[in-house]
Structures are given as structure tokens and as C-alpha cells.
Undergrad: 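Got a structure for you, written out below as C-alpha cells; questions coming shortly.
The model shown is predicted, which means the values in this text are computed figures rather than measured ones. Letters A, B, ... mirror the listed sequences (proteins, then strands); counts begin at 1.
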Amino acid sequence: MALEFYNTLTRRREPFTPLQPDQVKMYCCGVTVYDYCHLGHARSYIVWDTVRRYLMWRGYDVHYVQNFTDIDDKILNRAKQENSTMAEVSNRFIDAYFADLRRLNVLDAVEYPRATEHIDAILKLINALIEADYAYPAGGDVYYRVQRFPSYGKLSGRQLDQMQAGASGRVDPEDPEGNRKQYPFDFALWKAAKPGEPSWDSPWGAGRPGWHIECSAMIRANLGETIDIHTGGGDLVFPHHENEIAQSEAVTHKSLANYWLHNGMVNVGGEKMSKSLGNFTTIRQLLDAPNGPDPMALRLFVLQAHYRKPIDFTAESIASAQNSWETLKEGLLFGYRFGESLGWTDTTDSAFGKAESMRIPADSDFSDQRSEAVQRFQEAMDEDINSPGALAVLFELAKDLRREGNIITHEGKTTTNAQALRQQWQTLVVLAQVLGLEAEPEAESNDGLSDDVIANLIAQRRDAKKAKDFATADRIREELKAQGIVLVDKPGGVTEWHRG
RNA sequence: GGCGGCAUAGCCAAGUGGUAAGGCAGAGGUCUGCAAAACCUCCAUUCCCCAGUUCGAAUCUGGGUGCCGCCUCCA
């Protein structure tokens with residue numbers, strides 16, 4: 001079986017072959033840190049984290065790099081508004097980025113290069129572009145000459161003569177930048193500093209880098225001239241990634257990235273969630289709202305759609321994802337709740353339930369029954385990360401385990417083989433972790449009602465039932481339920497209970 | 001005007017030639033004082049429309065319709 005990715009560059013699905021057999025160089029375009037991350041960002045980073053995790057499970061050593069854009073007009077504006085500094089604003093939102101994305105179980109990148117820390121590399125690259133005549137200084141700025149780069153437009157599939165300058169409606173005709181450009185689609189590599197703005201010295205005067213150049217410079221510095229996978233939101237294809245290619249390849253004469261992967265947008269009411277439309281919900285707003293979803297439910301919401309398709313964010317879809325997560329979680333917690341009663345001997349080991357301790361290698365021989373699920377999972381993920389298909393496998397495992405757990409809860413035992421259940425549970429835990437879905441076993445809470453109190457209340461309820469005082473009986477059930485105690489009436493007037 | 005994408009049940013969503021995965025929601029049954037929980041069962045003759053290719057099409061071709069993204073803020 002071969003892993004395939006849909007490559008924006010070729011507009012085809014292609015088998016994945018890294019530059020070096022066991023290693024993957026992966027770069028993900030990160031955020032401009034002037035505000036909290038919204039659900040669009042969440043989707044993007046969850047998706048690329050999942051690709052990374054899958055590659056790791058497939059046996060690759062993944063060198064995953066993601067940048068922070070910490071120089072930008074928006075950061076400057078925010079700093080001005082708050083009477084603060086650019087560095088203070090960007091550091092604050094970088095901290096927020098980590099806080100939010102770690103909640104979603106997004107793994108930390110190997111490196112997080114920042115534009116402000118790579119000014120030398122940026123200046124060097126701009127110099128090389130000027131020397132090769134791909135760029136020209138103009139009034140303190142430096143612009144890239146797009147017409148000089150023959151394959152400009154190859155990623156986004158457009159041709160310069162067919163593009164409509166200003167079609168996005170965002171270009172300010174009064175902006176003097178337009179007059180300094182030799183051609184409307186030339187873009188800034190270096191911007192002259194306005195008075196009072198943070199700036200760096202350069203051969204063209206004090207200024208700061210343009211948006212696109214940092215990625216070219218930092219990829220080269222951190223990963224080399226050619227990388228395996230470059231990812232980002234679909235809205236970055238043009239101009240950002242197109243410009244990265246133009247900047248890098250003009251100098252290196254080598255392909256910047258072999259595989260370009262782009263994720264679909266998060267929509268609200270059919271429209272893209274974005275800062276400019278003001279229709280965004282931040283990650284923390286959603287998760288911290290009263291009755292907000294579990295972070296894992298948000299992750300599930302994202303992974304239940306294929307990464308390239310748009311997804312609509314609605315209260316209903318989040319609620320549905322939350323319920324789905326409850327189902328999956330019950331399967332994931334099966335071993336913690338029932339392992340002991342099934343006679344598993346290692347439930348108190350520190351490694352118990354940790355996916356690392358029960359690795360199932362990809363490309364197993366798929367001979368035993370457990371491997372059928374692994375195989376289907378891998379087949380789905382191999383096809384351009386078909387996470388919805390992979391989740392179907394997890395749900396089948398989880399629902400099965402949930403049923404077994406309920407049988408144990410209600411009957412006290414199950415007829416299913418304990419080792420078979422063990423394998424099924426392991427499979428679920430391991431595969432779920434490949435998708436970044438993990439459930440923490442609840443800590444034994446001592447602050448609830450004691451067993452004695454519960455037994456006493458159950459006895460009271462039994463007496464009330466005998467006296468046909470059902471109002472009292474139901475009130476006791478409700479009170480216990482409010483404490484997280486669920487009562488199960490058995491034939492013969494026996495009442496059992498369990499937490500949760 | 002250009003480039004690209006999408007359209008599958010009440011909702012979400014897989015499925016690129018062989019007879020519709022999965023999730024959410026829902027229905028019936030068993031059980032029950034009623035309920036809850038649990039367990040069992042059911043839930044698209046059909047994939048936006050029309051025409052064509054084929055033994056066979058949700059999947060391929062042509063033509064429509066609708067929606068979305070990008071065309072120098074953007075994940």
C-alpha cells in the first residue's frame with residue numbers, strides 16, 4: 001500500500017516519495033500573531049498535525065517546522081491601539097497560540113522560526129534576488145519582478161495576463177506602493193519603515209521584510225533548499241505560496257517543495273470564517289463557553305470532514321461532534337474501567353493505556369483479526385488522509401467496546417474473550433492517537449458521596465418503592481444522578497450503581 | 001473577466017465503473033411502577049437536473065443549475 005497526497009502543484013493525487021527514505025521535511029505556514037486563533041486556524045493546524053502524526057506512525061522521522069509571522073501591519077496597528085510594542089503584542093499571541101492549540105492536542109513543532117529572528121537570512125535572499133535581477137529597489141522598498149520568473153503562477157494555475165489587478169477589492173489606489181511598482185503584480189520583499197515603526201537597517205534604508213519573503217528564507221535556513229511537504233490554508237495558494245516559490249526557486253534553481261498540501265476553509269453560513277468578515281469564533285471562545293465542547297470534540301469536528309473540503313461551523317455540528325466524542329471516549333476508556341474486572345494484570349502499570357507502549361506498526365502483516373481494523377484505517381489514511389473513513393473504523397471499534405462495557409456493568413461479566421477485548425481496545429487507543437484523539441481516565445474523585453452514603457440512599461429508595469412512594473424513589477434517583485451516580489435497577493429488587 | 005473546488009438521507013459525511021461506510025438525530029421492540037440506562041432491530045432501489053458512453057454509472061463524457069474559495073489582509 002502506498003501513501004498518496006493530493007498535490008496542489010500538479011492538481012493530482014500522487015504517491016508520496018520523500019527525498020530521503022525515512023525522513024520527511026515538512027513546513028507549515030503559521031499565524032500572523034496579532035489576535036487569538038479562530039476555528040479556521042484550529043482546523044488548519046489540527047489537519048497538518050494529523051498528517052504529521054500519520055507520517056510518524058508510518059515510520060517517518062518528521063521534521064516539522066512552523067513559523068510565526070511577528071512583523072506585520074496588523075501587529076503594528078494593534079500595538080499602536082494598545083499603546084504597546086510589536087514585540088509585546090506578538091509574544092502575547094504566541095503564548096495564546098500555544099495555550100489554545102495544545103488543548104487541541106496539536107503537537108509542538110520541532111522549530112518555530114520567527115521573522116524577526118531571521119532578518120539576516122531575509123536580507124541575504126533579497127540581495128541575491130536583486131543581483132539576479134529578479135528584484136529591484138524603489139524608494140526604500142524592494143519589489144519582486146514577477147514577469148522575470150517564467151513559471152510564476154504554476155502553483156495556483158493562473159497566468160499573469162489573465163489576472164485582474166485589484167479584483168479582490170483590497171488594493172488601495174491611493175497607496176503610493178502602487179506607483180513604485182513596475183508592474184501591478186510585483187510584490188514587496190522589503191518595505192521602507194515609516195517614522196516610529198520598528199525597523200532594521202538594510203542596503204535600501206531602514207525597513208522591514210514583506211510578508212512572503214520570511215517563509216522562503218526560513219525554510220532555507222531550517223530545512224534546506226528543497227523540502228518534502230509544504231502546507232497551509234487554501235487561501236494561501238495565491239499569492240503567498242506562489243510568491244514563496246518565485247522567491248526561492250529564482251535563487252536556488254531547485255524545487256522549493258515537492259508536495260503542496262492545502263486545507264479547506266471553515267465556513268459560517270456558507271461564507272469563509274475570517275477576521276475581515278468578523279464572523280469568527282476563537283478557539284477559546286468556543287471551548288470556554290458554558291456547555292462548550294470538549295477540545296477533542298472540536299478535533300473530531302474537524303477530522304469528520306476531508307481536509308480539503310470546506311466545513312460549515314454551526315452549533316448543531318459542534319453538538320453532534322460532542323455526542324460523537326462521548327461515544328468514542330467510552331471506547332477509549334474501556335480498559336481503564338473494565339480491564340481489572342477482565343483479569344488484565346497490568347492495569348496498575350504506569351504505561352497502561354499509553355499508545356506508545358502498545359504500538360501497532362503501520363504495514364503490519366494484517367494476518368490476525370485485529371489487523372483488519374488497522375488495515376482499513378491505513379487504507380483510508382493512505383488515500384490523501386481520508387480521516388472520515390479512518391474514523392468510521394474507530395467508531396466501529398469504540399461502539400463494540402462500549403457495548404461490552406455496558407454488558408459488564410449490567411451483567412457483571414461478558415462472554416467475550418478478555419484477550420480479544422484487550423486487543424480491540426489497544427487497537428482503538430493506538431489508532432485514535434494517530435488522529436490525535438486521546439481520552440484521559442477520570443481521576444478517582446474522593447470528593448463525591450461515599451459508598452456508605454450511596455448505599456444508604458439506595459436502601460431508602462428501596463423502602464420507598466416498596467411503599468409505592470414513587471415520588472420519593474424518583475427524587476433519590478435524581479439526587480444521585482446530580483452527583484454523577486447512576487442507578488441500575490435489576491430484577492429481584494436489587495439496585496446497582498456506578499459513577500458516570 | 002480568469003483560475004480552482006463542491007452538490008450523496010432530517011443534519012454532518014465517506015465512497016472515481018460492479019450495485020450506497022461511518023457519525024449525529026429519529027423510530028419500533030425487550031425490560032420497567034413509570035422513566036432512565038442497557039440490549040436487539042429499523043432508518044437513501046438511490047446519489048442537484050438533462051442527455052450520452054457502458055452488460056453495468058453516485059462514480060466516465062457533454063450540457064445545464066446552484067453554492068463556495070482565490071485573483072496582492074487571510075489558516
Undergrad: Using whole Å, report how far NE2 of A/H212 lies from C1' of B/A75.
TA: 15 Å
Undergrad: Please give, in whole Å, the distance from B/G69 P to A/Y307 OH?
TA: 20 Å
Undergrad: Output the rounded distance in Å from NE2 (A/H410) to P (B/A38).
TA: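 Taking NE2 of A/H410 and P of B/A38, I get 6 Å after rounding.
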Undergrad: So which heavy atom on A/V89 is nearest to which on A/R78, and how close?
TA: CG1-CG, 4.0 Å
Undergrad: Can you check nucleotides 5-10 of chain B for protein contacts, nitrogen or oxygen pairs under 3.5 Å, and list what you find?
TA:
| unit_1 | atom_1 | unit_2 | atom_2 | d |
| --- | --- | --- | --- | --- |
| B/A7 | OP1 | A/K309 | NZ | 3.0 |

Undergrad: Any side-chain N or O of A/S274 below 4.0 angstrom from OP1/OP2 of B/A75?
TA: no
Undergrad: Are A/V51 and A/F5 side-chain neighbours, meaning at least one heavy-atom pair lies under 4.5 Å?
TA: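 They are in contact (side-chain heavy atoms under 4.5 Å apart), so the answer is yes.
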Undergrad: Suppose you measure atom C1' in B/G10 against the same atom in B/C3; what distance do you get, rounded to whole Å?
TA: 36 Å
Undergrad: So, for A/Y307 and A/W48, is the gap between ring centers shorter than 6.0 Å?
TA: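 Here the rings of A/W48 and A/Y307 have centres that are less than 6.0 Å from each other.
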Undergrad: Could you give the distance from NZ (A/K154) to CD (A/E249), rounded to the nearest 0.5 Å?
TA: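 Going from NZ on A/K154 over to CD on A/E249, the span is 3.5 Å.
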Undergrad: Could a donor-acceptor pair under 3.5 angstrom be found where the side chain of A/R477 meets the base of B/A35?
TA: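 Counting by modelled atom types and ignoring angles, a donor-acceptor contact under 3.5 Å is found here.
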Undergrad: Please determine if a side-chain N or O atom of A/N386 lies less than 4.0 Å away from the OP1 or OP2 oxygen of B/G15.
TA: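 For A/N386, the contact criterion (side-chain N or O under 4.0 Å from OP1 or OP2 of B/G15) is met.
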Undergrad: When both hydrogen-bonding distances must be under 3.5 Å and the geometry is Watson-Crick or G-U wobble, what is B/G33 paired with, if anything?
TA: none
Undergrad: So does A/K272 reach the base of B/C68 with its side chain, donor to acceptor, closer than 3.5 Å?
TA: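 Such a pair does not exist between side chain and base.
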Undergrad: If we call it a pair only when both distances are under 3.5 Å in a Watson-Crick or G-U wobble match, what pairs with B/A14?
TA: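 Pairing partner, where one exists within any strand: none, as none qualifies.
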Undergrad: Check the distance between B/C12's C1' and A/W325's CH2 and give it to me in whole angstrom.
TA: 19 Å
Undergrad: Using whole Å, report how far OH of A/Y183 lies from P of B/C71.
TA: 16 Å
Undergrad: Starting at CG of A/L300, measure out to NZ of A/K329 and round the result to the nearest 0.5 Å.
TA: 12.0 Å
Undergrad: Side chain of A/W211: nearest nucleotide among B/C74, B/A14, B/A75?
TA: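 Output: B/C74.
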Undergrad: Counting the atoms with a prime plus P, OP1 and OP2 as sugar-phosphate, which does A/V266 contact under 4.0 Å by heavy atoms, base, sugar-phosphate, or nothing?
TA: base
Undergrad: Can you tell me, in whole Å, how much space there is between the P of B/A14 and that of B/A38?
TA: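 About 29 Å, rounded to a whole number of Å.
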Undergrad: Applying the Watson-Crick and G-U wobble criteria at under 3.5 Å, what pairs with B/U65? Answer none if nothing qualifies.
TA: B/A7
Undergrad: Provide, to the nearest angstrom, the distance between the CG atom belonging to A/L303 and the P atom belonging to B/A14.
TA: 12 Å
Undergrad: Between B/A14, B/G22, B/C71, spot the one nearest the side chain of A/Q164, thanks.
TA: B/C71
Undergrad: I'd like to know if A/K465 reaches the base of B/U32 with its side chain, counting only an N/O donor and acceptor under 3.5 Å.
TA: no
Undergrad: Roughly how far, to the nearest 0.5 Å, is OG of A/S44 from NE2 of A/H262?
TA: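 The OG atom of A/S44 is 9.5 Å from NE2 of A/H262, to the nearest 0.5 Å.
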Undergrad: Please report the distance, rounded to the nearest Å, between CD in A/E326 and P in B/C24.
TA: 11 Å
Undergrad: Atom CG of A/N67 and atom SG of A/C28: how far apart are they, to the nearest 0.5 Å?
TA: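 Between A/N67 CG and A/C28 SG, I get 8.0 Å after rounding to 0.5 Å.
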Undergrad: Do any side-chain nitrogens or oxygens of A/N323 fall under 4.0 Å of OP1 or OP2 in B/A25?
TA: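 Indeed, a polar side-chain atom of A/N323 lies that close.
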Undergrad: If I take atom CD in residue A/Q162 and atom P in nucleotide B/G1, what distance separates them, rounded to the nearest angstrom?
TA: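 Rounded to the whole Å, the gap is 13 Å.
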Undergrad: Could you work out which one of B/C70, B/A75, B/A14 sits closest to the side chain of A/H306?
TA: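 Ranking B/C70, B/A75, B/A14 by closest atom to the A/H306 side chain puts B/A14 first.
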Undergrad: Using distance alone, with no hydrogens and no angle criterion, decide if A/E244 and A/S216 have a side-chain donor and acceptor under 3.5 Å apart.
TA: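 The answer is no; no qualifying pair exists.
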Undergrad: Could a donor-acceptor pair under 3.5 angstrom be found where the side chain of A/K275 meets the base of B/C74?
TA: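 Answer is no: no donor-acceptor pair is held.
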